[in-house]
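What you see is a predicted model, and the numbers here were worked out from it, not measured in a lab.
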Amino acid sequence: MHALATELNETLQNTIVDAMLSDVGQRMFFPKGIVAQSAEAGQKATRFNATIGMATSQGQPMYLSDIYNKFAENSFKPSELFSYAPGGGDPQLRTLWKAQMLVKNPSLAGKSISLPIVTSGLTHGLSVLAQLFAQEGDTLVIPDLAWDNYELIFGHQVNAGIVTFPLYTDAGRFNVEGMKQALLSIADRKARLLLNFPNNPTGYTPSKAEMAAIAAALIELAESGMKLMVISDDAYYGLFFEEETATESLFAYLCNAHSNIFAVKCDAATKEDMVWGFRIGFITYGGKDLTEAHFDALNKKTLGIIRSTVSNCDKPGQSLLAKAMKDGPRYEADKLAAKTEMEKRYRILKEALKKHEGNPLLTPYPFNSGYFMAFKTKGSAEALRRYLLDKYQVGCINIADVTFRLAYCSVECDKIAELVDLVYQAAGEAWN
């Protein structure tokens, strides 16, 4: 094992992180190679800097004027658009994102968490976590209604086992007991749990009481000696439409909860700031006994994965987002307008579904947030998807042939009722 990896492992020894690292995670480190030496030269090499492989002129990267001229004059320096981003992301953006996280999650105040590391979208963040913290013989617990990419990343990429539990109770609430029993079923008393709120595909977020119950159940397991890594996928964070809904991330409940809980927040500007194509995600770590030295070691291992896969993440997107967050006159107003529009569509959809209450062909799962809602189907969800597409030119998503997802985020308000009617009509035609 490389000496730098050994040094990081020694720093993390006897922590919850140490218990969760995969073999790859144990071996990973951030090399003191070109990137690290170039960063050091950036601070001290005031005479000549002959380190990084980037063509420059007059201290700025060379560029295509056909691209640079698309930006307003003097809005960005060439270095803000064309140079490499630091391995962990733009320092200003990381600081701004953490500050915003603390505003959105007031209970994080005073708790020790890492500075977010920029990833190339939330999916990349989850892939990084899978490589660092999961492998064959490990188990990831997720709800039965979950994004299919979880299985692809954790099951097929790193070969971890997948255990599921029913997302809902019979009363249509989050299944805390089901989650707990799934975790208790793991023989080695060590598990990774991944929860996504608002949920994709169902659009469900637990109430404040349910979120507290989730945290209490996990703390109870930790107190019994179980070691837990809890990943909060907060891709759709902020799109909450009901008063009772929990508006703080599960990460805020758990990051300082117990020595046996390793909390990780995986989020992104993708949906929160409506920059889907920018591919800007973040990983933030938390744990009761983790110190700044532990976070530094964790970050270096994370940077090692990033360095050895994508090298670094998109620079222009980070610069654009940081400028909007720091100086954008409409940053908050535009985000609020989008949320207001999503809530309006949500309420129209709720009303449109009332017309079809009791129809046994499609049963809506409870939803209260996010971009989606989903149906439990009596017939083949794939047959319904194809029928809608071929006969009515309507595109929806089939999940495992038993769940049918509607993304109302992409349907205008005046078309939502028509869409709902068509889905029910097509179900009657396709399955009869």
Is it true that T291 and H294 share a donor-acceptor pair across their side chains at a distance under 3.5 Å? yes
Can you see whether W97 has K326 sitting over its ring - NZ or CZ less than 6.0 Å from the centre and within 45° of the normal? no
We want to know whether R405 and N200 form a side-chain donor-acceptor pair, criterion being a heavy-atom distance below 3.5 angstrom. yes
Would Y204 and F197 count as a close aromatic pair, with their ring centres under 6.0 Å? no
Quick one about N196 and Y236 (side-chain donor to acceptor, distance below 3.5 Å, no hydrogens or angles considered), yes or no? no
Would you kindly say whether Q318 and D90 are connected by a side-chain donor-acceptor distance under 3.5 Å? no
Step by step, would you call D401 with S380 a side chain to side chain donor-acceptor pair (under 3.5 Å)? CA-CA 5 Å; D401 208 34; S380 165; 2.6 Å; yes
Under the side-chain contact (heavy atoms from CB on, under 4.5 Å) rule, collect the residues that match up with L336, sequence neighbours excluded. T340
Strictly distance-based, threshold 3.5 Å: is any side-chain N or O of S114 a donor or acceptor partner for the main-chain N or O of P116? no
Any donor and acceptor pair, going by atom type alone, linking the side chain of S22 with main-chain N or O of G25 inside 3.5 Å? yes
Using a 6.0 Å cut-off, check whether atom NZ of K339 has over 12 heavy atoms from anything other than its own residue. yes
Ignoring hydrogens and angles, state whether a donor on the side chain of N9 or K301 is under 3.5 Å from an acceptor on the partner side chain. yes
Mind running side chain to side chain contact (heavy atoms under 4.5 Å, CB included) on M54 and M62 for me, showing each step along the way? CA-CA 8 Å; M54 182 172 67; M62 296 180 182; over 6 Å; no
If you count every heavy atom of other residues, nucleotides or ligands that lies below 6.0 Å from D170 atom CG, does the total exceed 12? no
Are side-chain N/O atoms of E242 and S369 paired as donor and acceptor at under 3.5 Å? no
Given R173 and E244, is the salt bridge (charged side-chain N to carboxylate O under 4.0 Å, His left out) satisfied, shown in steps? CA-CA 12 Å; R173 310 300 286 181; E244 68 166 8; 3.6 Å; yes
Looking just at side-chain N and O atoms, do R189 and S224 make a donor-acceptor pair shorter than 3.5 Å? yes
The side-chain contact (heavy atoms from CB on, under 4.5 Å) partners of F278 (sequence neighbours excluded) come to V275, I280, L320
side-chain contact (heavy atoms from CB on, under 4.5 Å) partner of F251, chosen from D267, I231, T284: T284
Taking CD in E332 as the centre, count heavy atoms belonging to other residues, nucleotides or ligands within less than 6.0 Å. Is the count above 12? yes
Go through the side-chain N and O atoms of D18 and T15 and say whether any donor and acceptor fall under 3.5 Å apart. no
Using a 3.5 Å distance criterion without hydrogens, assess whether the side chain of D138 forms a donor-acceptor pair with backbone atoms of Q135. yes
Using a strict 4.0 Å threshold on nitrogen-to-oxygen distance, state whether E248 and K208 make a salt bridge. no
Would you call the rings of Y168 and Y365 parallel, tilted or perpendicular, taking 30° and 60° as the class edges? parallel
Got a donor-acceptor contact below 3.5 angstrom from the K111 side chain to the A252 backbone? yes
May I ask you to check whether S259 and D289 show a side-chain donor-acceptor distance below 3.5 Å? yes
Which residue is it: L194, L254, V141? I am looking for the one with a side-chain contact (heavy atoms from CB on, under 4.5 Å) to V230. L254
Indicate yes or no for a side-chain donor-acceptor contact from S127 to the backbone of T123 under 3.5 Å, with no hydrogens or angles considered. no
Donor-acceptor pair, N105 side chain versus L108 backbone, under 3.5 Å? no
Do you see a donor-acceptor pair shorter than 3.5 Å between the side chains of S249 and D234? yes
Pairing residues for F262 by the ring-ring contact (aromatic ring centres under 6.0 Å, His included) criterion, not counting sequence neighbours: F133, Y285
Check: C409 main-chain N/O paired with R345 side-chain donor or acceptor under 3.5 Å: yes
Passes side chain to side chain contact (heavy atoms under 4.5 Å, CB included), R347 versus M342? Steps please. CA-CA 9 Å; R347 301 213 179 276; M342 287 304 106; over 6 Å; no
Side-chain donor/acceptor of T202 to backbone N/O of M373, under 3.5 Å: no
Can you see whether Y237 engages T247 through a side-chain donor-acceptor pair at a distance of less than 3.5 angstrom? no
Exam field: side chain N69 to backbone S65, donor-acceptor pair closer than 3.5 Å: yes
